[in-house]
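Read through the structure below, which is laid out as structure tokens, and then see the notes.
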Amino acid sequence: MGRGRSSRVPLRRSLLGRLLGVSALVAACSVAATAWLAVQTTSGAIKQEQGQNLTADARIYDTLLGYAARHPTWDGVDATVRELAEQSGRRVALTTQGRQPLADSATATAPPALPPEASAVVDPLSVDTVLAARSTEGQGTAADRIDPRAVGPFLLPAAERAALRRTADRNAVCLNRAGIASDVVVGPSGRPRVQMVGNDPERALYTKCELSDLDAPTRTERKALDALNGLADACLKRQGREGVRLNRGLYWGKEIGVTEPRQLPSDVREARPVPAVEPPREFTGEDDRAIASCVGTARSEQLSSYVASPALLFIGDEGGATVPGFDLSPANTAKIAGAAALVLALTVGASVLAGARLVRPLHALTGAAQRMRDGEEHASVPVRGDDEIGRLAAAFNDMSAHRARLEEQRKAMVSDVAHELRTPLSNIRGWLEAAQDGLADPDPAFVDSLLEEAVQLQHIIDDLQDLAAADAGVLRLHPEPVPVEELLGQVAAAHQARAETAGVTLTVVAGAAPVLHADPVRLRQAVGNLVSNAVRHTPAGGKVTLRAYGEGPGSGPGPEVVVIEVADTGTGIPAADLPYVFDRFWRAEKSRSRRTGGSGLGLAIVRKLAEAHGGTAGATSTEGQGSAFTLRLPAAAPSPSPSPAPSP
């Protein structure tokens, strides 16, 4: 019989678990190798690209910031935007703060949508100090966020520029003659100044050069300063503070103590306050912060009509991404290809190993199946492990052993059928030939002998026909209510004569057995086979007992199962033979000239009849003490109560 095994295998020992483990290991190695290689090969390129992008972005921003500082509107910026895009290889787009397009370098008919976040806001009155290439020349201060190129009303006309330039050139020539290298630098407003080489302006203190000629503001600058001073004073007045007087450098405060201001170089004097006519005021830190805030507000108000309105700047590539891609170097490409080849080799190797371990037992199973096909009675395969393949091999071995047993039973069945049929047929033939030769008279004893052999032959044929019908599922039953106690009495009466002849006591134990819904003919056949088998294997002086009882609560008032038991005090059945007692033509005594007789089909028919009724047949035995065969059949459902007859 097949060995009972649980169908569940722990995941860690199962084939699925091992395959999952190998796959997870390969995937982890692949991900780790890819991530490491990607970091190693692209980090440097990303850093380099980011540095280049930041430099290009700062240059684009500074150029557009200068355009906005020098123009009151963005009209005509398209040429500048296209030029910047060609120089940087990037897409440059400008929109209003409401995202209305001003200029776009994209060449496609339908350019990609701009990203949700702008790269920067181009506003000359509020400069991004990170991106802007700021200059401290001109009108701005170090803490000022107004672009120094936004000069507005401080822009000098041509006449004033020419006059100041002549003075600056004369001073530069004077300094050069005095041995001080100097040059003329022009600021965003058009005002020139003398710049000396080196960081020691004190060298020009005692020269005869009139450097202070460039200190006085021009008419245009004085007018712009007066307007700016008025806006700043109005702001301070709203805060309850006194007004201040701003000089050309937009400074205020106490005069620096200099006895001969005309002898100072223009660089030094320009960074210092103009000598005050009135006694100098003392300013606290809070005063300075308030004045600086009002001056900044006044400058923004004064310059707002001279500069372009704030605009959103978008910098990206032509495909719409904000960060352009980069090409890997041949060395990095080779590294990636090598790592990919290594990962592929590892994956193929792991797959080959896993596949080999999987295919090896399958090949063994295929070979064993082919050997079975070629006629080997029992072909088995080695069982390695307790995983799915191991359980398949164990099931195959069980199937092979069961097939071998069935083949042995088939051969034994053919031999037994031939033997069982040969004996009565030989007897009939012998008696008939004797009668034909005149050696035997056809008297009543002669006819009775032939009839007995024919009946024995008929029994064997009927048993084989019943088994064939049961195997084919066409065994017909005619169920009806059957009183079990009455049925047992009928069976006992039918076998009483045989039991008395064998010296065996046959009794029926009375009890309140329920009614079965079964085929009475087939049920008597099954119980009769059990009784016949028990009488045959019980020696003289023994006892065979028939009884029936209910077991388990049913859905109604009756039991769930009805048990019919036939027990004897015979020789018993060895424990090793007990699982095979219901097999066809199986006999514990293998001798052909057995004392007990029988065809070996009775118990097989009993099991088939029990299964046809939805029940089971079983046996228990103790060698030397006797055996007990039981039929467990489902009890009949209670019949409905009859309806009352209608009144006439």
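FYI, side chains are in, hydrogens and waters are out, and symmetry mates aren't considered; it's all heavy atoms of this structure.
In this structure, Leu175 CG and Arg170 CZ are separated by 12.0 Å, a value rounded to the nearest 0.5 Å. A distance of 10.0 Å separates OG1 of Thr297 from CG of Leu231, quoted to the nearest 0.5 Å. Rounding to the nearest 0.5 angstrom, the gap separating the CZ atom in Arg238 from the CG atom in Asp233 is 11.0 Å. To the nearest 0.5 Å, atoms CZ (Arg70) and CG (Leu65) are separated by 9.5 Å. Rounding to the nearest 0.5 Å places CG of Asp78 at 9.5 Å from CG of Asp104. With rounding to the nearest 0.5 Å, the separation of CG in Asp147 from OG in Ser126 is 11.0 Å.
For CZ of Arg99, the number of neighbouring non-hydrogen atoms (other residues, nucleotides, ligands) closer than 6.0 Å is greater than 12. In the displayed structure, Gln239 atom CD is contacted under 6.0 Å by more than 12 heavy atoms of other residues, nucleotides or ligands.
Side-chain atoms of Gln87 and Ile60, non-hydrogen and from C-beta on, never get closer than 4.5 Å to each other. Put simply, the side chain of Leu94 reaches to within 4.5 Å of the side chain of Trp74, judged on heavy atoms. Using a 4.5 Å cut-off on side-chain heavy atoms (C-beta onward), Arg191 and Thr218 make contact. Side-chain contact check for Thr220 versus Phe154: every heavy-atom pair is 4.5 Å or farther apart. Counting only heavy atoms from C-beta outward, the side chains of Arg90 and Asp57 approach each other to under 4.5 Å. Counting heavy atoms from C-beta outward, Val92 and Leu313 have side chains that approach closer than 4.5 Å. In this structure the side chain of Thr96 never reaches within 4.5 angstrom of the side chain of Leu312, judged on heavy atoms. Counting heavy atoms from C-beta on, the side chains of Val81 and Val77 come closer than 4.5 Å.
Residue Ala290 comes nearest to Leu236 through the heavy atom pair O-CD2, 4.0 Å, listed as atom of the first residue, atom of the second, then distance. For Ala68 against Val122, the heavy-atom pair with the smallest separation is CB-CG1, 4.4 Å. Closest heavy-atom contact between Ser182 and Val194: CB-CG1, 4.0 Å. The two residues Ala232 and Cys294 come nearest to each other via the heavy atoms O-CB, 4.0 Å.
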Handout entry: Criterion side chain to side chain contact (heavy atoms under 4.5 Å, CB included) on Arg161 and Arg166, from CA distance to verdict
Key = CA-CA 9 Å; Arg161 291 185 187 183; Arg166 287 192 296 269; over 6 Å; no
Handout entry: Stepwise side chain to side chain contact (heavy atoms under 4.5 Å, CB included) check, Leu164 with Arg193
Key = CA-CA 9 Å; Leu164 290 174; Arg193 67 182 179 88; over 6 Å; no
Problem - Criterion side chain to side chain contact (heavy atoms under 4.5 Å, CB included) on Ile146 and Ser300, from CA distance to verdict - result: CA-CA 8 Å; Ile146 296 177; Ser300 298; 3.9 Å; yes
Exercise for the section: Apply side chain to side chain contact (heavy atoms under 4.5 Å, CB included) to Ser293 and Arg289, showing your working. Expected result: CA-CA 6 Å; Ser293 176; Arg289 287 190 293 272; over 6 Å; no
Handout entry: salt bridge (charged side-chain N to carboxylate O under 4.0 Å, His left out) between Arg165 and Asp169, intermediate numbers included
Key = CA-CA 6 Å; Arg165 181 59 185 257; Asp169 289 341; 3.0 Å; yes
Exercise for the section: Could you walk me through whether Arg245 and Asp226 pass salt bridge (charged side-chain N to carboxylate O under 4.0 Å, His left out), step by step? Expected result: CA-CA 9 Å; Arg245 185 64 183 173; Asp226 290 342; 3.3 Å; yes
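Distance alone, capped at 3.5 Å, places no donor-acceptor pair between the Arg91 side chain and the Ala106 backbone. Checked by atom type and distance alone, the side chain of Arg149 never pairs as donor or acceptor with a backbone atom of Pro188 at under 3.5 Å. Formation of a donor-acceptor pair under 3.5 Å by the Asn229 side chain with backbone atoms of Val244 is found in this model. Judged by distance alone, the side chain of Ser400 and the main-chain N or O of Phe396 form no donor-acceptor pair under 3.5 Å. One N or O on the side chain of Arg222 and one on the backbone of Pro217 form a donor-acceptor pair closer than 3.5 Å. A side-chain donor-acceptor contact under 3.5 Å links Asn176 to the backbone of Ala172. Here the side chain of Asp183 pairs no donor or acceptor atom with the backbone of Gln195 at under 3.5 angstrom. Formation of a donor-acceptor pair under 3.5 Å by the Thr63 side chain with backbone atoms of Arg59 is found in this model.
Residues Thr95 and Gln100 have side chains that never bring a donor and an acceptor to within less than 3.5 angstrom of each other.
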Would you tabulate the side-chain donor-acceptor contacts of residues 302-311 under 3.5 Å, counting partners in other chains and residues two or more places apart, or write 'none'?
| unit_1 | atom_1 | unit_2 | atom_2 | d |
| --- | --- | --- | --- | --- |
| Gln302 | NE2 | Ala224 | O | 3.0 |
| Ser304 | OG | Glu301 | O | 3.0 |

